[in-house]
Every structure is written in structure tokens, then in C-alpha cells.
Amino acid sequence: MQTPSFGQMNAFMTVAAHRSFVKAAAELGLAPSTLSSVIRSLEKDLGVQLFNRTTRSVALTDIGEHLRGRLRPVLDDYLSAIES
């Protein structure tokens, strides 16, 4: 397993928050296709599927929910450190 980059984790958290690749891509300043590629690469690196995708919806898998729950406090702490 490759260690994911901060950018990949940030992309994951943004898609998870919006439940939309289009909205997350707009927030991150990326094309939706680029963001989709980042998430596919992350899933490949981790060896797990993080999102269930259809043409109309994006939902976290159980593993994706678990990862989001573990990352949220870490990213909040990171942002707090940057702000201070």
C-alpha cells in the first residue's frame, strides 16, 4: 500500500462532505474528471473502495465512513495549527 498524499486525503474529505464530485471539484478548483481520477488513484493505492458512485449519487462505503471519521479530528487539528 502506498501512503496517500495530503492532497488525496483532502480531496477525499471534500467529496465526502459534499457527496458530489462536481461541488467538491468546484471547491478545490479542479475539473470533476481530475478529481475523479484523484479518488480512483487513492482507492487503488489503499486497495479499497471509498465511495459508491452512480450517475446520480455519491455515497461513502462503510470503509469510507470509517476513514472519514478517523481523519476529521486530524484535519481539524491541522487546520487549527495553521490558523494559530
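Heads up: numbering here begins at 1 and tracks the sequence. Nothing here was measured: the structure is a model prediction, and the numbers come from that model.
- Looking at residues two or more places apart in sequence or on another chain, you find a side chain to side chain contact (heavy atoms under 4.5 Å, CB included) between Glu65 and Arg19, Leu60, Arg68.
- Counting heavy atoms from C-beta on, the side chains of Asp45 and Pro4 never come closer than 4.5 Å.
- Residues meeting the side chain to side chain contact (heavy atoms under 4.5 Å, CB included) test with His18, sequence neighbours left out: Thr14, Ser20, Lys23, Ala24, Glu27.
- Note: the hydrophobic cluster containing Val38 does not contain Leu71 (ILVMFWY, side chain heavy atoms under 4.5 Å, direct or indirect links).
- Applying the side chain to side chain donor-acceptor pair (under 3.5 Å) test to pairs two or more places apart or on separate chains, those with a residue in residues 73-84 are Arg72-Asp76.
- Partners of Val48 by side chain to side chain contact (heavy atoms under 4.5 Å, CB included), not counting sequence neighbours, listed by chain and number: Leu46, Leu50, Ile63.
- Under the side chain to side chain contact (heavy atoms under 4.5 Å, CB included) criterion, Ala25 pairs with Pro32, Leu35, not counting sequence neighbours.
- Checked options Phe51, Phe6, Phe21; the residue passing with Phe12 is Phe51 (criterion: ring-ring contact (aromatic ring centres under 6.0 Å, His included)).
- Residues Met13 and Ile39 fall within the same hydrophobic cluster, defined by Ile, Leu, Val, Met, Phe, Trp and Tyr side chains chained together at heavy-atom separations under 4.5 Å.
- A ring-ring contact (aromatic ring centres under 6.0 Å, His included) check over residues 28-47, counting only residues at least two apart or in different chains, returns nothing.
- Rounding to the nearest 0.5 Å places CD1 of Ile82 at 11.5 Å from CG of Leu75.
- Sorted by first and then second residue, the salt bridge (Lys or Arg N to Asp or Glu O under 4.0 Å) pairs with a member in residues 49-61 read Glu43-Arg53; sequence neighbours excluded.
- Residue pairs meeting the salt bridge (Lys or Arg N to Asp or Glu O under 4.0 Å) criterion with at least one partner in residues 30-40, sequence neighbours excluded, do not occur; the list is empty.
- Residues passing the side-chain hydrogen bond (donor to acceptor under 3.5 Å, both in side chains) test with Thr54, sequence neighbours excluded: Ser57.
- In this structure, the separation between OG on Ser5 and CG on Leu42 is 8.0 Å, given to the nearest 0.5 Å.
- No side-chain heavy atom of Thr61 sits under 4.5 Å from any side-chain heavy atom of His66.
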